[in-house]
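One structure is given here, and the rest of the page talks about it.
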Protein chains: 2
Amino acid sequence: MPAIPARNTGAHVVYAELKRRILSLDLKPGERIYEPAMATALQVSRTPLREAIRRLISENLLEQQPTGGVVVPVLDEAEISELYEVRAAVESLMARNACLKATPADLGELHGILARNAALVEFADDAMQQGMALHARIALIAGNSWAGRFHEQVASQMERYRHYTNSTQRRRDQALAQHRALVEAIAAGDPERAAKVAFEHVMGARDAAVRALSGKNGAGS
Amino acid sequence: MPAIPARNTGAHVVYAELKRRILSLDLKPGERIYEPAMATALQVSRTPLREAIRRLISENLLEQQPTGGVVVPVLDEAEISELYEVRAAVESLMARNACLKATPADLGELHGILARNAALVEFADDAMQQGMALHARIALIAGNSWAGRFHEQVASQMERYRHYTNSTQRRRDQALAQHRALVEAIAAGDPERAAKVAFEHVMGARDAAVRALSGKNGAGS
DNA sequence: ATCAGCGTACTTGTATACAAGTACGCAGGC
DNA sequence: GCCTGCGTACTTGTATACAAGTACGCTGAT
């Protein structure tokens with residue numbers, strides 16, 4: 001019946017571009033978005049731009065002000081803590097589920113990621129990437145699509161803070177050890193232990209991030 | 001600088017109305033939404049209608065089909081289980097946090113809800129309402145806005161399934177006892193215990209719901 | 001009678017034109 | 001010099017007109 005324009009609609013492109021700019025802090029927290037100016041800048045009309053904006057508002061990557069107008073949400077030290085807590089809860093659940101569903105092939109995959117993780121432990125960015133890859137894989141194994149959705153949303157949000165939460169070498173070593181313990185628990189098929197390890201691992205990351213942020217006392221330099 | 005039309009925009013009204021119809025199953029799962037027809041039915045143009053639709057898609061209350069067109073998502077026994085699991089994880093976190101933040105006034109409030117809950121345990125709908133009230137209150141006390149957001153979203157989703165998951169008297173008695181244990185743990189300031197009780201309480205609700213659904217083997221009568 | 005090919009109609013996506021309302025600036029008076 | 005009141009300009013929200021593309025139905029031929 002219908003007619004679909006190939007899923008490459010302008011609104012999707014604009015959404016992706018705006019999201020990229022928000023997460024990369026190219027659009028600065030607190031900055032307001034004016035529809036006509038942004039529309040001309042992105043070479044589209046206001047209609048698809050508005051569609052993208054509304055979607056980003058739904059995902060809490062933009063904020064509609066009570067006084068009107070949309071702004072990029074400001075960063076807030078309390079919020080990053082909340083995000084880590086929710087992520088801890090969700091990842092804990094996923095670790096628990098992964099215990100029950102992991103196949104031998106899955107376990108092999110996890111060990112492979114772990115090995116790459118270990119090799120890259122001294123490079124902050126790569127270590128972070130591999131760490132996220134491990135969690136993403138566990139999310140896949142857990143097979144709870146709702147948990148996956150929320151996890152992804154939280155990860156997006158945290159992306160904005162990442163620029164200010166550089167990890168220390170000590171923290172990365174600790175994270176690697178916890179990742180090992182997590183995979184071990186999953187391999188052992190011990191859901192309670194996996195859940196507990198995952199929870200405390202992410203809560204540890206929270207503490208490290210909060211410490212890093214409060215050390216700089218905000219954002220700038 | 002800006003101009004705001006009082007936050008009573010047509011798009012918001014349409015959003016609320018569509019959401020109501022979806023959650024009440026007035027719009028049936030699987031049903032497709034045609035923009036022109038729905039727009040005339042709701043007395044607005046396609047523009048605000050589309051805005052409402054896109055927002056509902058973001059909240060997973062509508063689904064954009066790969067072939068084009070948007071439909072009301074179909075109900076799926078596996079999904080309700082996933083929703084309960086995520087809710088368990090989130091409520092577990094909130095119970096943990098509530099332990100650390102609850103004031104004496106909060107505890108009094110919780111006990112009050114508990115008393116009303118006990119008085120209504122034989123009426124399925126009211127018991128459900130009071131149960132949700134308890135969890136909502138705990139969410140408030142926990143003070144994690146992200147957890148609150150996700151919890152609300154999950155609760156909305158589950159609303160659609162509620163019509164098919166009537167609780168038994170036995171299950172309601174059990175839930176009441178678990179609610180008591182939960183409040184007790186919060187009052188005692190024992191985060192681990194509160195988290196565990198909350199988690200297992202919701203997981204118990206999951207099992208009951210899945211049993212109720214599979215008993216009917218689907219939906220109808 | 002059945003199948004193939006084309007035309008039409010209906011869908012969604014986009015652009016633009018229009019409406020309403022607010023905040024800012026400027027001018028005039030005290 | 002400062003305050004007040006009005007006018008203008010700019011914002012967002014809405015409607016409508018336009019474009020593109022697909023699926024269905026109809027007609028004709030085999």
Side-chain angles (χ1 to χ4, degrees), chain A residues 1-22 27-74, chain B residues 1-22 27-74:
Chain A
M1 300 146 173
I4 194 162
R7 196 58 28 203
N8 272 28
T9 65
H12 280 255
V13 176
V14 170
Y15 164 81
E17 174 61 15
L18 277 184
K19 182 172 179 178
R20 188 193 65 74
R21 292 194 190 184
I22 292 169
L27 282 171
K28 296 193 180 17
E31 187 171 345
R32 177 168 172 184
I33 292 184
Y34 295 88
E35 294 178 4
M38 184 61 77
T40 56
L42 294 179
Q43 307 265 15
V44 292
S45 76
R46 279 179 58 214
T47 308
L49 171 63
R50 273 179 71 89
E51 189 167 316
I53 287 177
R54 305 317 254 217
R55 184 169 165 197
L56 289 164
I57 290 174
S58 285
E59 297 175 8
N60 294 285
L61 287 171
L62 285 177
E63 201 171 34
Q64 176 126 22
Q65 289 196 311
T67 72
V70 302
V71 299
V72 181
V74 297
Chain B
M1 302 146 173
I4 194 164
R7 195 59 28 204
N8 272 27
T9 65
H12 280 254
V13 177
V14 169
Y15 164 80
E17 173 62 15
L18 278 184
K19 181 171 178 178
R20 188 192 65 75
R21 293 195 189 183
I22 293 169
L27 281 171
K28 295 190 180 22
E31 188 171 344
R32 177 167 173 184
I33 291 184
Y34 295 89
E35 294 178 4
M38 184 61 77
T40 57
L42 294 179
Q43 308 265 15
V44 292
S45 76
R46 280 179 57 214
T47 308
L49 171 64
R50 272 179 71 89
E51 189 167 318
I53 288 176
R54 304 317 255 212
R55 184 169 165 196
L56 288 163
I57 291 175
S58 284
E59 297 175 8
N60 295 285
L61 287 170
L62 284 177
E63 201 171 36
Q64 176 126 24
Q65 290 196 309
T67 72
V70 304
V71 297
V72 182
V74 296

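All values derive from a computational prediction rather than experimental measurement. Reminder, nothing fancy here: chain letters follow the sequence lines and each chain counts from 1.
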Leu49(B) atom CG is separated from dG13(C) atom P, nearest whole Å, by 12 Å
Which residues share a side chain to side chain contact (heavy atoms under 4.5 Å, CB included) with Thr40(B), sequence neighbours left out | none
Starting at atom NE2 of His12(A), determine the distance to atom C1' of dG13(C), rounded to an integer number of angstrom.
-> 10 Å
Quick one: are Met38(B) and Arg50(B) in side-chain contact, heavy atoms under 4.5 Å?
-> no
Pick out the pairs of N or O atoms, protein on one side and nucleotides 17-19 of chain C on the other, that lie under 3.5 Å.
none

Any side-chain N or O of Thr47(A) less than 4.0 Å from the OP1 or OP2 oxygen of dT14(C)?
-> no
Nucleotide nearest Ser45(A) (side chain, heavy atoms from C-beta), chosen from dT12(D), dT16(C), dT12(C) = dT16(C)
Side chain of Pro48(A) only, please: which of dT14(C), dT14(D), dG13(D) is the nearest?
-> dT14(C)
What pairs with Glu17(B) under side-chain hydrogen bond (donor to acceptor under 3.5 Å, both in side chains), at least two apart in sequence or on another chain?
-> Arg20(B), Arg21(B)
Are Leu42(A) and Val13(A) close enough that some pair of their side-chain heavy atoms sits under 4.5 Å apart?
-> no
Just how far, in rounded Å, is P of dT14(D) from CD1 of Ile53(B)?
-> 14 Å
Using only side-chain N and O atoms of Arg50(A), determine if any of them is under 4.0 Å from OP1 or OP2 of dA15(C).
-> no
Distance, rounded to the nearest Å, where Glu51(B) contributes CD and dT12(C) contributes P | 17 Å
In whole angstrom, give the distance that lies between atom OH of Tyr34(B) and atom P of dA9(C).
-> 18 Å
Interatomic distance, Gln65(A) CD vs dT22(C) C1' [rounded to whole Å] | 15 Å
Kindly indicate whether the side chain of Glu35(A), heavy atoms from C-beta on, has any atom under 4.5 Å from the side chain of Ile53(A).
-> yes
Which whole-number value in Å describes the distance from Arg54(A) CZ to dG13(C) P?
-> 17 Å
Distance test, side-chain N/O of Gln43(A) to OP1/OP2 of dT14(C), below 4.0 Å = no
Compare all side-chain heavy atoms of Arg54(A) with those of Arg54(B) and state whether any distance is below 4.5 angstrom.
-> no
Under a 4.5 Å cut-off applied to non-hydrogen side-chain atoms, are Lys28(B) and Val72(B) in contact?
-> no
